**Student:** 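First the structure, then my questions, so here it is.
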Amino acid sequence: MNSNLNLNVHAQFGTLTDYFNALHAEISINEFPPLSGDFFTYADRDDHYWSGYYTSRPFYKRMDRALMYYVRAAETILSLAQLGDKPELQNAGNKFNGLEKQLTSARLAQSLFQHHDGITGTAKSHVMIDYGDKMLQAIKECQFVIQQCVNLLLSGPGIDVDWSDTLYYNIDDVRTEQDALPEQYTITIGLELSTKRVVIYNSLTFTRKEVVTFLVSTPFIEVIDYDGNRVRCQVSPVFEYGSSMSNSKYTLTFIATIPPLALIEYVINAVSEMETPLETTNAKIRIYNQYADVIAPTGFTSNLEVNPSSTDFTIQNSEVTASFNNLGLLKAIKIGSKTYPIHLDFAKYGVRQSAERSGAYLFLPDREAVAINVENTIIRVIEGPIVSSVSVQIPYVHHTVLLYNSSGGDGLGIEIQNVVNIEKTSNFEIVMRLSTNIKNAEEFFTDLNGYQILRRKRFKKLPIQANFYPMPTTMFIEDKDVRMTVLTGSPVGGSSLKEGQVEVMLDRKLMQDDNLGLGQGVTDNHPTRHIFKILLERKTSKCQTTIENHPAGFTSLASQVALEVISNPLVKLLRIDDDDTSSDKFHIPLRTEMGMDYSLPVLRSGITVKNKNYFGLVLHRRYLDLCYADKTLLARFPLSNGGVNITDLLPTQSNSKFNQASLSFLLMKSPLDIKGSINLCPMDIKAFLLHR
């Protein structure tokens with residue numbers, strides 16, 4: 001080409017740097033127009049918008065999110081065990097190497113599912129089963145690592161054994177099949193075997209005062225903390241079907257206080273009915289739309305109220321009052337003295353009657369969503385000092401609303417749990433809708449990746465499917481006075497199709513391929529548990545963090561705390577040997593807390609740089625919208641003073657080497673003073689390497 005002058009071409013090989021140097025030599029950077037935002041929602045032709053895969057195979061999307069928090073919790077506690085100063089751990093190299101191999105295997109399984117046909121739910125059915133098998137095994141590997149490290153940090157039995165595959169604890173999250181919902185153990189205790197020791201692990205860097213739930217075989221219970229003090233607790237019945245309640249299984253809830261990155265033991269004791277302490281309270285039960293008699297389980301005869309019809313009713317905690325209609329569905333939330341209408345319902349989409357229909361990728365609805373008809377279903381209400389709930393079984397969904405009466409992140413807003421089952425449907429897509437009087441016009445906000453949030457706009461000229469966006473963790477709508485945030489425990493698709501409304505897709509069953517490469521429909525649906533948090537917040541001042549027409553948005557302090565809580569639940573461990581009294585009752589490694597604007601997304605071991613072993617950590621500082629935070633909330637969840645000291649965060653030595661690194665940990669950068677303060681700008685992420 002270069003030798004043929006008629007082509008008017010001079011070509012050369014070059015790097016990106018060469019290209020941009022040549023570009024800047026021709027044109028000033030100020031002459032380029034700015035581009036912001038992203039390219040969602042994508043369409044390859046006509047109205048074929050690829051917004052269906054945001055939700056396809058939600059069971060496996062939820063499983064991926066669970067594996068994500070297990071990997072993080074496991075690598076964090078393994079690092080804490082290796083950084084610990086217990087003498088008996090100094091020669092535990094073989095044990096740590098074995099645990100590191102299991103954790104590496106779990107990371108590989110999770111990374112495999114990030115394939116563009118994995119997490120999207122657009123693989124063939126047998127491939128999804130293989131992904132599920134691998135993720136299930138990875139979760140079990142993480143659980144093994146966690147319980148081994150808990151035993152090490154609490155100086156339990158076998159701590160001096162070089163390597164052992166012994167189980168010292170069962171994690172209270174039982175997963176038996178790759179396509180089955182997780183379950184809890186039932187703690188079987190009585191007057192003969194009267195004690196169960198449990199340990200609770202907090203993988204986050206702030207103190208958590210949250211409600212924990214166990215299943216127990218008796219309602220006559222007391223809970224003791226590691227100082228020997230009784231803890232206030234609540235016992236509630238377990239509904240089996242309709243209005244029938246188990247007489248051999250009960251729900252025990254209490255508020256656990258767990259410092260950052262700490263392990264705390266609690267003891268659950270069975271007592272006689274006459275010895276039940278004042279700290280143990282039986283919940284009150286109300287059942288609506290129940291005509292036949294109901295047999296109350298042991299201990300609840302005087303706490304049961306049965307009504308043959310239903311009416312509007314409320315439940316509340318110290319901050320929120322939730323009102324429900326006579327179908328048991330949310331209709332309003334009261335904060336302080338003001339009530340805000342929030343009408344919750346479920347709706348369904350069909351598929352268009354043409355040759356080209358919805359599939360794993362494409363969302364091609366036949367029309368606007370049609371509300372699912374709910375008739376007089378049995379409404380089950382539980383009220384107590386720790387947790388209150390409302391549950392109804394409606395078509396395709398077992399729907400539960402919970403209010404936690406705690407000062408932790410779970411006490412913010414209301415929690416919704418939907419167990420969705422559309423296995424018996426055909427060409428059916430189900431959504432949950434929340435309708436309010438918030439004047440958000442055509443605008444709403446969704447996150448991109450659990451980190452950045454973008455302003456979205458509903459375009460009337462575009463079809464429904466074009467206005468759906470991915471919702472990995474967050475969506476909110478707001479006006480000048482109030483904001484409603486919806487947080488999700490697993491990635492889904494969502495939109496605001498009308499002013500004041502939020503719509504979240506829950507599951508999709510499509511009988512045909514959409515001609516985008518999969519070669520099949522989406523027919524392998526499984527019952528799936530969705531967890532949502534709904535926060536309604538009033539502006540505390542006239543400030544405006546969300547700048548008009550700016551492409552970005554920011555979460556509030558309360559919604560960020562609530563998101564951390566549902567993304568990283570407390571890990572509950574049941575000690576197998578309840579006669580073991582030699583193990584420590586707590587392990588509290590941190591000297592201080594970082595502040596709610598800082599987080600520690602990664603703390604891991606096993607990183608080799610220049611033939612030396614390092615610990616890798618990633619720090620992140622988030623920009624929070626404080627227009628919705630008052631002094632009480634800021635005192636409850638304090639922010640940092642701008643910086644973090646690594647010696648307060650992790651056990652270190654005076655001769656420890658500390659370097660900044662690339663986010664992949666492959667490139668070691670300049671050395672840092674380990675005793676100095678690390679200061680990040682808001683929305684900044686930095687990685688570091690620590691060598692002891």
Side-chain angles (χ1 to χ4, degrees), residues 63-84 86 88-113 133-176 182 185 198-204 258 261-265 567-577 583-584 587 589 600-608 613-618 650-651:
M63 196 175 189
D64 172 72
R65 190 61 58 86
L67 176 55
M68 183 177 76
Y69 74 67
Y70 267 121
V71 167
R72 184 187 169 277
E75 63 187 13
T76 299
I77 198 169
L78 179 57
S79 299
L80 293 174
Q82 294 180 73
L83 285 166
K86 293 181 181 291
E88 55 267 39
L89 296 183
Q90 302 309 308
N91 298 313
N94 288 340
K95 182 174 290 189
F96 289 138
N97 289 340
L99 297 175
E100 192 70 60
K101 287 180 181 178
Q102 296 213 13
L103 191 47
T104 298
S105 173
R107 288 194 192 102
L108 289 172
Q110 188 187 21
S111 64
L112 184 69
F113 192 64
D133 287 335
K134 286 180 168 60
M135 287 194 289
L136 176 63
Q137 179 60 29
I139 288 173
K140 291 180 177 179
E141 288 170 332
C142 290
Q143 290 180 335
F144 180 82
V145 171
I146 291 170
Q147 65 89 25
Q148 282 271 335
C149 291
V150 168
N151 188 63
L152 290 172
L153 289 169
L154 295 182
S155 301
I159 189 172
D160 53 349
V161 176
D162 192 38
W163 166 254
S164 170
D165 57 1
T166 303
L167 284 178
Y168 301 99
Y169 295 86
N170 286 318
I171 291 183
D172 196 21
D173 179 27
V174 185
R175 297 169 185 263
T176 55
Y185 287 98
V198 302
V199 173
I200 301 174
Y201 163 44
N202 173 15
S203 65
L204 297 178
I258 318 293
L261 303 182
L263 306 170
I264 300 294
E265 179 189 271
S567 300
N568 300 278
L570 293 168
V571 180
K572 300 174 294 181
L573 302 102
L574 313 179
R575 187 171 296 168
I576 293 175
D577 181 8
S583 295
D584 296 340
H587 175 75
L600 183 68
V602 177
L603 172 60
R604 55 167 297 186
S605 57
I607 297 172
T608 303
N613 289 324
Y614 287 83
F615 294 90
L617 60 146
V618 173
L650 297 173

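Model, not experiment: these values are computed from the prediction.
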**Student:** Heavy atoms, side chains only, cut-off 4.5 Å: are M68 and Q110 in contact?
**Tutor:** yes

**Student:** For the atom pair CG (L204) and OG (S567), what is the distance rounded to the nearest 0.5 Å?
**Tutor:** 9.0 Å

**Student:** So, for A74 and I146, which heavy atoms are closest and what is the spacing to 0.1 Å?
**Tutor:** CA-CG1, 3.7 Å

**Student:** Is there a side-chain contact between N202 and I264, using heavy atoms and a 4.5 Å cut-off?
**Tutor:** no

**Student:** Would you say L261 and L80 make side-chain contact, with heavy atoms under 4.5 Å?
**Tutor:** yes

**Student:** Do you know the tightest heavy-atom contact between I258 and A262?
**Tutor:** CG2-O, 3.6 Å

**Student:** State, yes or no, whether a side-chain contact exists between Q143 and D173 at a heavy-atom distance under 4.5 Å.
**Tutor:** yes

**Student:** Would L99 and F144 count as a side chain to side chain contact (heavy atoms under 4.5 Å, CB included) if you check the C-alpha gap in whole Å, the side-chain angles of each, and the deciding distance to 0.1 Å?
**Tutor:** CA-CA 8 Å; L99 297 175; F144 180 82; 3.8 Å; yes

**Student:** Does V150 form a side chain to side chain contact (heavy atoms under 4.5 Å, CB included) with I77? I'd like the steps, not just the answer.
**Tutor:** CA-CA 8 Å; V150 168; I77 198 169; 3.6 Å; yes

**Student:** Could you grab the distance from atom CD1 of I607 to atom OH of Y614, nearest 0.5 Å is fine?
**Tutor:** 11.0 Å

**Student:** To check you understand the geometry: which heavy-atom pair defines the closest contact between L67 and A138, and what is its length?
**Tutor:** CD1-CB, 3.6 Å

**Student:** Say you draw a straight line from CG of L650 to CG of L83; how long is it, rounded to the nearest 0.5 Å?
**Tutor:** 6.0 Å

**Student:** To the nearest 0.5 Å, what is the distance between CG on D172 and CG on L570?
**Tutor:** 12.0 Å

**Student:** Are the side chains of F96 and L152 in contact, using a 4.5 Å heavy-atom criterion?
**Tutor:** yes

**Student:** Between the main-chain N or O of Y168 and the side-chain N or O of Q147, is there a donor-acceptor pair closer than 3.5 Å?
**Tutor:** yes

**Student:** Can we say R107 and E100 salt-bridge, meaning some charged N sits less than 4.0 Å from an Asp/Glu carboxylate O?
**Tutor:** yes

**Student:** Side chains of I576 and L167: closer than 4.5 Å at any heavy-atom pair?
**Tutor:** yes

**Student:** Could you tell me whether the side chain of T76 and the main chain of R72 form a donor-acceptor pair under 3.5 Å?
**Tutor:** yes

**Student:** Restricting to non-hydrogen atoms, name the atom on L153 and the atom on A81 that form the minimum distance, rounded to 0.1 Å.
**Tutor:** CD2-CA, 3.7 Å

**Student:** Would you give the length of the straight line joining atom OG of S105 to atom CD of E141, rounded to the nearest 0.5 angstrom?
**Tutor:** 3.5 Å

**Student:** Can you tell me how far apart NZ (K572) and OH (Y185) are? Round to the nearest 0.5 Å.
**Tutor:** 12.5 Å

**Student:** Say whether S203 and N568, considering side chains only, have a donor N or O and an acceptor N or O under 3.5 Å apart.
**Tutor:** no

**Student:** List the atom of L136, the atom of M63, and the distance in Å for their closest heavy-atom pair.
**Tutor:** N-CE, 3.4 Å

**Student:** Using the side chain to side chain contact (heavy atoms under 4.5 Å, CB included) rule, take V198 and E265 through it: C-alpha gap first, then chi angles, then the decisive distance, then the call.
**Tutor:** CA-CA 6 Å; V198 302; E265 179 189 271; over 6 Å; no

**Student:** For R575, is there an ion pair with D577 - N to carboxylate O distance below 4.0 angstrom?
**Tutor:** no

**Student:** Give a yes or no on whether the backbone of T166 and the side-chain of Q148 come within a donor-acceptor separation of less than 3.5 Å.
**Tutor:** yes

**Student:** How about M135 and F113: do any of their side-chain heavy atoms sit closer than 4.5 Å?
**Tutor:** yes

**Student:** Evaluate L154 against V199 for side chain to side chain contact (heavy atoms under 4.5 Å, CB included), listing each step before the verdict.
**Tutor:** CA-CA 10 Å; L154 295 182; V199 173; 3.9 Å; yes

**Student:** Please check this pair: side chain of S155 against backbone of D584, looking for a donor-acceptor N/O pair closer than 3.5 Å.
**Tutor:** no

**Student:** With a 4.5 Å heavy-atom cut-off, do N170 and L573 have their side chains touching?
**Tutor:** no

**Student:** So, for K95 and G158, which heavy atoms are closest and what is the spacing to 0.1 Å?
**Tutor:** NZ-O, 3.2 Å

